[in-house]
Amino acid sequence: MKQEMMEITSQRQLAPRIYEMTVKGALVEQMSVSGQFIHIRVPRNDLLLRRPISINNIDHEAGTCRTIYRIEGDGTRVFSEMKAGDKLDVMGPLGNGFQLSDIHEGDTVYIVGGGIGIPPLYELSKQVIALGARPVHFLGYASKEVMYYEEEFRALGETRIATDDGTYGVHGNVGNLLLAASEIPQAVFSCGANGMLRAVEQLYLGKVNNVQLSLEARMACGMGACYACVCHLQDDETGQKSLKICDEGPIFPAGKVVL
Ligand code: FES
């Protein structure tokens, strides 16, 4: 993990409150695993904490990494107002990332995301394809209005979409999409809110050996020092044991942590 002043090379709005930002710098050389995140300092002195943002795409040739984020408060609003050529203080890459050592040629891999948990699944899907496996994407959004990256995911493989309000695709959530899927894949990778991750765990734990869940967490330091991001272990009756999502996660095998 390193820290660098990275240059913004592009910034565009994808949907209401949702932005795509690409940054360039030597830090990209350290990035290879999907599901990791970068920790970006807000360039305003009254906003002390960095903001964790997942890596959406790694381009080693261009030396860039792309992120997609949603405006949640002042920090992310400041990011959205920045332009190409501006510099950002970035730490990363952070987190463990998805483990692909058990993915083989010809495997079917379910890639399941909801809302602002969807961005890191794009780099993941590219890497799954590079291993000769077949991704099937299951994406859930609140509504058609806040959808993004449909075409990008369709370009990588089969993509099924649900919206909570029924304005596009299947009316319902990602769980509805998964219930309608008939095959048993070799692996299931998911990122999103805990409710969605619980549904994925209930459907596939014990049926599929390789189920990896990426948790969204509020973070402060982002590097294991402050305990702002802890989660608890499922098999711990005392309730005392915990893991830090920022550096021991954000990805855990299904069945490991309390969601
Ligand atoms: Fe500080 Fe995870 S955010 S320990």
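Just so it is clear, the values below take in all heavy atoms, side chains as well, and ignore hydrogens, waters and symmetry mates. Please read these numbers as outputs of a predicted model, since none were measured by experiment. Whatever order the structure lists them in is the order used to number ligands and atoms, beginning at 1.
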- Query: Would you say the side-chain atoms of Q99 pair up with the backbone N or O of S101, donor to acceptor, closer than 3.5 Å?
  - Reply: no
- Using 4.0 Å as the upper bound for N to carboxylate O, is an ion pair formed by R154 and E150? yes
- Hey, does the side chain of N176 reach the backbone of N173 with a donor-acceptor pair shorter than 3.5 angstrom? yes
- Any ion pair linking E123 and R66 (charged N to carboxylate O, less than 4.0 Å)? no
- Separation of I55 CD1 from L27 CG (nearest 0.5 Å): 8.5 Å
- Check: Y149 ring centroid to Y122 ring centroid under 6.0 Å: yes
- Could you name all protein N, O or S atoms found under 2.8 Å from atom 1 (Fe) of ligand 1? C221 SG, C226 SG
